[in-house]
S.K.: 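There's a structure below that I have some questions on.
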Protein chains: 2
Amino acid sequence: MLDAFDRKLLNLMQTDTRRTAHELSEAVGLSPSACLRRLNKLRETGVIEAEIAVLSPAALGHRLSMVVEVSLERERPDIMSDFKKAMRRTPEVIQCYYVTGEVDFILIVAVQSMSDYEAFTNDFLFNNKNIKRFNTLVVMDRVKVGLAVPIE
Amino acid sequence: MLDAFDRKLLNLMQTDTRRTAHELSEAVGLSPSACLRRLNKLRETGVIEAEIAVLSPAALGHRLSMVVEVSLERERPDIMSDFKKAMRRTPEVIQCYYVTGEVDFILIVAVQSMSDYEAFTNDFLFNNKNIKRFNTLVVMDRVKVGLAVPIE
DNA sequence: ACTGAAAGTCGCGGCAC
DNA sequence: GTGCCGCGACTTTCAGT
């Protein structure tokens, strides 16, 4: 399904998509056209889900991140489903994971300021009857931020 | 510093970098050349930190994600600094946040299998004398995964 | 079936306005 | 800031392995 060439290409692409086919070809040991053909296949088959720009939070004005642990009142399927939809709709929620353990969801939230975060908690957490409890951890340092997974 | 055109461009770019200058130009109401000049400036000035591919974990073989809460033994600067460096070096650690609250760090970890995760905890958590305690939350659903922050 | 090379097409990047 | 033009990069085709 995925051979060593594909994995090399994916490893390069998940750190930088701006390399030319020629640069890729030298790195993986394949001709430029073969590299591009493989890349397009990886896009079509959904192995590459998206190609996106990573922005500097500092450059966008001082910006706060929070990790929020959320416990729902009851784990009813319809409540869960509604909550997930709401998280996907809400731009402040950068990431949302449904997890096992003492809490149900972990959110990564990005806001411009503390008052924005207060507004967010009011709108989405306090006013949500399905939420039993939530706990905010303020991010002091984004030590490592990315989406790159280890391949092989 | 950043005007409305820049913000529109950034919003488009943080969801998809494959649009052509012509497509961008229609979306933001500027000529294609103006869009490209602005984009290159945003790259040079570091507003755009990187352009990367997002891969499908499913397509890379069944893959597990964990959220790990870590508390250090003592918050000594040198210990903290060493821990941060180790997290940045470790490919399984997708993200690492230094946070306030009951725990010191939140990690997002990606592994191929439970036994890989066991190996990871042994290498980086159990064998680290500076770590007081850690708690693993297994991710059952990656409800929302991304890096896109709300702009405006 | 997939690679590699060449021809064809498209999009980027500099220059004039 | 916009529009044009040359060049570089991607796409497609085709032959070879």
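Keep in mind the model is a prediction, meaning the values are calculated, not measured. Chain letters run A, B, ... following the sequence lines, proteins first, then strands; residues in each count from 1.
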S.K.: Same cluster or not: are B:V99 and B:L137 linked, directly or through other Ile, Leu, Val, Met, Phe, Trp or Tyr residues, by side-chain heavy atoms under 4.5 angstrom apart?
M.R.: yes
S.K.: If you check every side-chain atom of A:L36, which of D:dT11, D:dG1, C:dG4 has the closest atom?
M.R.: D:dT11
S.K.: Check the distance between D:dT12's P and A:N40's CG and give it to me in whole angstrom.
M.R.: 8 Å
S.K.: Ignoring hydrogens and geometry beyond distance, is the side chain of A:R37 in donor-acceptor contact with the base of C:dG4 at under 3.5 Å?
M.R.: yes
S.K.: Could you please name the option among C:dG4, C:dG13, D:dC10 that lies closest to any side-chain atom of A:A21?
M.R.: D:dC10
S.K.: Roughly, in whole Å, what's the span from CZ in B:R38 to C1' in C:dG13?
M.R.: 17 Å
S.K.: Is any N or O donor-acceptor pair between the side chain of B:S33 and the base of D:dG3 shorter than 3.5 Å?
M.R.: yes
S.K.: Can you tell which of D:dC10, C:dG11, D:dG1 lies closest to the side chain of A:T20?
M.R.: D:dC10
S.K.: Taking the side chain as every heavy atom from C-beta outward, state whether B:E73 and B:I131 have any pair of such atoms under 4.5 Å apart.
M.R.: no
S.K.: Could you label the plane-to-plane angle of the A:F134 and A:F126 rings as parallel, tilted or perpendicular, counting under 30° as parallel and over 60° as perpendicular?
M.R.: perpendicular
S.K.: From CD of A:E44 over to P of D:dT11, roughly how many Å is that when rounded to an integer?
M.R.: 10 Å
S.K.: When the ring centroid of B:Y97 is compared with that of B:F105, is the distance short of 6.0 Å?
M.R.: no
S.K.: For DNA chain C, whose closest nucleotide is more 5', that of A:R18 or that of A:K41?
M.R.: A:K41
S.K.: CD of A:E51 versus P of D:dC10: gap in Å, rounded?
M.R.: 12 Å
S.K.: Whole angstroms only, please: what is the CE-C1' distance between A:M13 and D:dC10?
M.R.: 13 Å
